[in-house]
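Sequence lines set the chain letters: A, B, ... in the order given, protein chains first and strands last, and positions in each chain run from 1. Only a predicted model underlies this, so the values are computations on that prediction, with no experimental measurement involved.
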Number of protein chains: 2
Amino acid sequence: MDKKELVSILRENEIQVTPQRLAILEQLKLRKDHPSAEMLFTCLKDEFPSLTLVTVYNTLQKLELSGLCMKVNPLHTSARYDGNVTAHQHAICINCQKIVDIHDATVFIELPKWFNEIFKVLKQCVNLYGLCKECQELADDDKALLN
Amino acid sequence: MDKKELVSILRENEIQVTPQRLAILEQLKLRKDHPSAEMLFTCLKDEFPSLTLVTVYNTLQKLELSGLCMKVNPLHTSARYDGNVTAHQHAICINCQKIVDIHDATVFIELPKWFNEIFKVLKQCVNLYGLCKECQELADDDKALLN
DNA sequence: GTTATTGCAAACATTTTGCACCAGC
DNA sequence: GCTGGTGCAAAATGTTTGCAATAAC
């Protein structure tokens, strides 16, 4: 993926182009290891000696907001615990962070052969991110206020 | 769930019984809101004025190790980003935290009616926790060393 | 030239660690 | 009484914020 293409991706998303942002976006597009802010910082600080972690965080936030990248583990602010260790799913409200159990969903996951040869699955975890009833209503209220 | 039952759960798992641990386990079994350490601390500090967050964290760690509770959002130490925002799954190694993409899995999730009435799903997220090939081999080595 | 971004310092939140005192067995 | 847990202080880690210098348009 060449620089021109990266530049136009940023422009299309109305994100001002800077060398730091180009480099971070390039890393995200190239790498397959799902880096953390720290990992990106470490690999780019030689190329940009003045680069700081703050800029990496700022950039990631901006890219995520435009849908150019996403967190593999959202809702990571603090660990949330469940005393029910039987198999079930979680629905997580992206607004109020409420977590709702779903015990009666049907989940079917078939994994490709290549994958089962390199990875031993111990736990399978389905999370549904979205809006709970209360937060949907709040969102509707927001829309109403805009009229 | 009465105290006797909680005591025997702890004893069965060879966890020394203390009032703090009983109270935390009780909360985890009773509550449906998947509390954080802070939330548990807040609701128990009236009953145990001397209680500290440290004890809550210690207890949660011990309970999790015995499978008596689990984190809803494991691998929360630092956010990991993905530049590929198309739908795919992640396999996450619980040992080295490597994250592997799976693009060719078949995922079918049917949600109960009651759920769709109270929650609007925006993103569905399947995470497979387990061991990557390298860490499986290390685990085998560990076993070999024990012989 | 104006606006937005970067980099610095510092704050903040979450979680972990070292150590003295205390409670469970 | 011994072992291990609790509570305190402090450190470590990940992330965010306020502000002056600087770069993008």
A:Thr52 side-chain proximity, nearest of D:dT6, C:dC8, C:dT15:
C:dC8
Presence of A:Gln20 side-chain N/O under 4.0 Å of C:dG7 phosphate oxygens OP1/OP2
yes
From the options C:dG7, C:dT5, D:dG14, select the nucleotide whose nearest atom is closest to the side chain of A:Thr55.
C:dG7
Kindly indicate whether the side chain of B:Val107, heavy atoms from C-beta on, has any atom under 4.5 Å from the side chain of B:Gln124.
yes
Rounded to the nearest Å, what distance is computed from the CZ atom of residue B:Phe48 to the P atom of nucleotide D:dC8?
15 Å
Side chain of B:Arg11 only, heavy atoms from C-beta on: which candidate in D:dG7, C:dG7, C:dC25 is closest?
C:dC25
Among C:dG24, D:dC25, D:dG7, which is the nearest nucleotide to the side chain of A:Val17?
D:dC25
Atom CD of A:Glu38 and atom P of D:dT13 are separated, to the nearest Å, by 10 Å
Side chain of B:Arg21, heavy atoms from C-beta onward: which of C:dT6, C:dT16, D:dG5 has the nearest atom to it?
D:dG5
How long is the line joining OH of B:Tyr57 and P of D:dA11, in whole Å?
19 Å
Quick check: do B:Gln27 and B:Met39 have side-chain heavy atoms less than 4.5 Å from each other?
no
Tell me: CZ of B:Phe41 to C1' of C:dA13, nearest whole Å?
14 Å
Comparing B:Pro19 and B:Ser36 on DNA chain C - which has the more 5′ nearest nucleotide:
B:Ser36
How would you label the contact of A:Glu14 with the nucleic acid (heavy atoms, under 4.0 Å): base, sugar-phosphate, or nothing?
nothing
To the side chain of B:Gln61, which of C:dT6, D:dT15, C:dT16 is closest?
C:dT16
Rounded to the nearest Å, what distance is computed from the CG atom of residue B:Leu51 to the P atom of nucleotide C:dC22?
17 Å
Rounded distance (Å) that lies between atom P of D:dT15 and atom CE of A:Met39:
12 Å
Mutual orientation of the aromatic rings belonging to A:Phe115 and A:Phe119 [parallel < 30°, tilted 30-60°, perpendicular > 60°]:
parallel
From the list C:dG7, D:dG5, D:dA24, which nucleotide is the closest neighbour of the side chain of B:Gln16?
D:dG5
Please output the side-chain donor-acceptor pairs of residues 43-50 of chain A that fall under 3.5 Å, not counting sequence neighbours, one pair per line with the distance.
none

I want to confirm an ordering. Mapping B:Thr18 and B:Leu53 to their closest nucleotides on DNA chain C, which one lands closer to the 5' end?
B:Leu53
Selection from D:dG14, C:dT6, C:dT17 that lies nearest to any side-chain heavy atom of B:Val54:
C:dT17
Euclidean distance, atom CG of residue B:Asn13 to atom P of D:dG4 [Å, nearest integer]:
17 Å
State whether the number of non-hydrogen atoms from other residues, nucleotides or ligands found under 6.0 Å of B:Lys3 atom NZ is greater than 12.
no
What nucleotide among D:dA24, C:dT15, D:dT6 has an atom nearest to a side-chain atom of B:Asn58?
D:dT6
Find the distance B:Glu47:CD to D:dT6:C1' and express it as a whole number of Å.
16 Å
Within the structure provided, determine whether A:Asn95 and A:Glu134 are in side-chain contact (heavy-atom separation under 4.5 Å).
no
